[in-house]
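So that the names make sense, note that chain A is the first sequence line, chain B the second, and so on, each numbered from 1. Note that the structure is a prediction, hence the values are computed from the model and not measured. Computed from heavy atoms alone, side chains included, the values below leave out hydrogens, waters and symmetry copies.
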There are 2 protein chains.
Amino acid sequence: MYDIRDVWQRAHQMLRSARKIINEELRPLNLSSAEGNILLHLFTQGQGELGQEQLVEQLDISKPAVSRALDSLEQKGYVLRQEDPSDRRVHRVRLTERARTVGPQIERAYNQLYAAAMQGISQEELAAFLHLFTRMSENFTRAQKNQNKEDRDAA
Amino acid sequence: MYDIRDVWQRAHQMLRSARKIINEELRPLNLSSAEGNILLHLFTQGQGELGQEQLVEQLDISKPAVSRALDSLEQKGYVLRQEDPSDRRVHRVRLTERARTVGPQIERAYNQLYAAAMQGISQEELAAFLHLFTRMSENFTRAQKNQNKEDRDAA
DNA sequence: ATCACTTGGTTAACATGTTAACGAATTTTG
DNA sequence: CAAAATTCGTTAACATGTTAACCAAGTGAT
């Protein structure tokens, strides 16, 4: 019999394993997985550069998480933050030459991870998987809204 | 087109939402989700009592995580740790009267979460989902083993 | 019996994420 | 235009998990 609780356990397992693998793979570059995730996104999605807020939205992690990862990346010389002249609130994030040098290595690490994940899984299965995952995640979003609503109603 | 990266994003989203919902639901009991997870396990799986090591295995979280959650639960009067007379290393974890009192409320919170998750998802779909999830997670376990092996080979 | 190994649990250090509160810059609105 | 609201980023506090190092108790082999 299936226990829904296994879904959580599996999700945890998967994320933990993936993080571990990426951390291991990026250790020679002195990069953590959190940093790697951001760099990868900049490599593959960023046309030129991105504001931090865009990273927050596109990677779906919180502002402080992005802020601190960028602190570290800047420290290590992988990115630059420069003020946007047209809106001085936004910090545009740009990859440095150094980052571009190691880019392929980072992409290779992630591609390796993705390939490992997909062993024995077809495109169709992945599609179905993501479909369900999405529905579940939407269910939660809805549940959370209702919860907030009830809180407000109770107040 | 599907991007494998979405799997991670969805998994993160799901775990985050679930944690948030449970935290909200258990706040009146002064319990966090980490604590609730353990209590739920004790309620539903524990015949009488469990050693901490068993919690570690069955919940698949690290020893320190269990240790600290139990510290807090003991502090709050929800569990007791007693030395096993037959093996004085083992701390047997037992629910207190107080825990049993709030048991139904905790189980209700989780059942509500599970019900919300399953909205519009059939048993068959869940089964397929878990099947794939399991395969993926096994893939990672294998990848990690290989990685460790390569490390050793390199040394 | 003793010495080496294993096992259960704790502590310390750190990784990674979150929310809340804030400051500065921009936008909206009356 | 000036006051109010919003937006972008940072900082502080904390939640939750991990690995590494350790102690104390059991186990086992010579």
- request: Please state whether the phosphate of C/dT18, meaning OP1 or OP2, lies under 4.0 angstrom from any side-chain nitrogen or oxygen of B/Arg16.
  value: yes

Any B/Asn23 side-chain nitrogen or oxygen under 4.0 Å from OP1 or OP2 of C/dT19: no

- prompt: Counting only side-chain N and O atoms of A/Ser32, is one of them less than 4.0 Å from OP1 or OP2 of C/dT16?
  reply: yes

query: For D/dT19, does either OP1 or OP2 sit under 4.0 Å from a side-chain N or O belonging to A/Lys20?
result: yes

Distance test, side-chain N/O of B/Ser33 to OP1/OP2 of D/dT16, below 4.0 Å: yes

query: Does the pair B/Glu35/B/Lys76 count as a salt bridge with the N-to-O cut at 4.0 Å?
result: yes

- request: Going 5' to 3' through nucleotides 5-10 of chain D, assign each nucleotide B (protein heavy atom under 4.0 Å from a base atom), S (under 4.0 Å only from sugar-phosphate atoms) or - (no protein heavy atom that close).
  value: --BBBB

task: Would you mind reading off the distance between A/Leu15 atom CG and D/dT16 atom P, rounded to a whole angstrom?
output: 16 Å

field: Under-4.0 Å salt bridge between B/Asp71 and B/Arg81
entry: yes

task: Measure from NE2 on B/His12 to C1' on C/dA15 and round the result to the nearest Å.
output: 12 Å

message: Check this for me, if you would: do B/Arg135 and B/Glu138 make a salt bridge, where the nitrogen-to-carboxylate-oxygen distance has to be below 4.0 angstrom?
response: no

- line: Side-chain atoms of A/Arg88 come closest, of C/dT26, D/dT19, C/dT16, to C/dT26

field: Side-chain N,O (B/Asn37) to OP1/OP2 (D/dT16) below 4.0 Å
entry: no

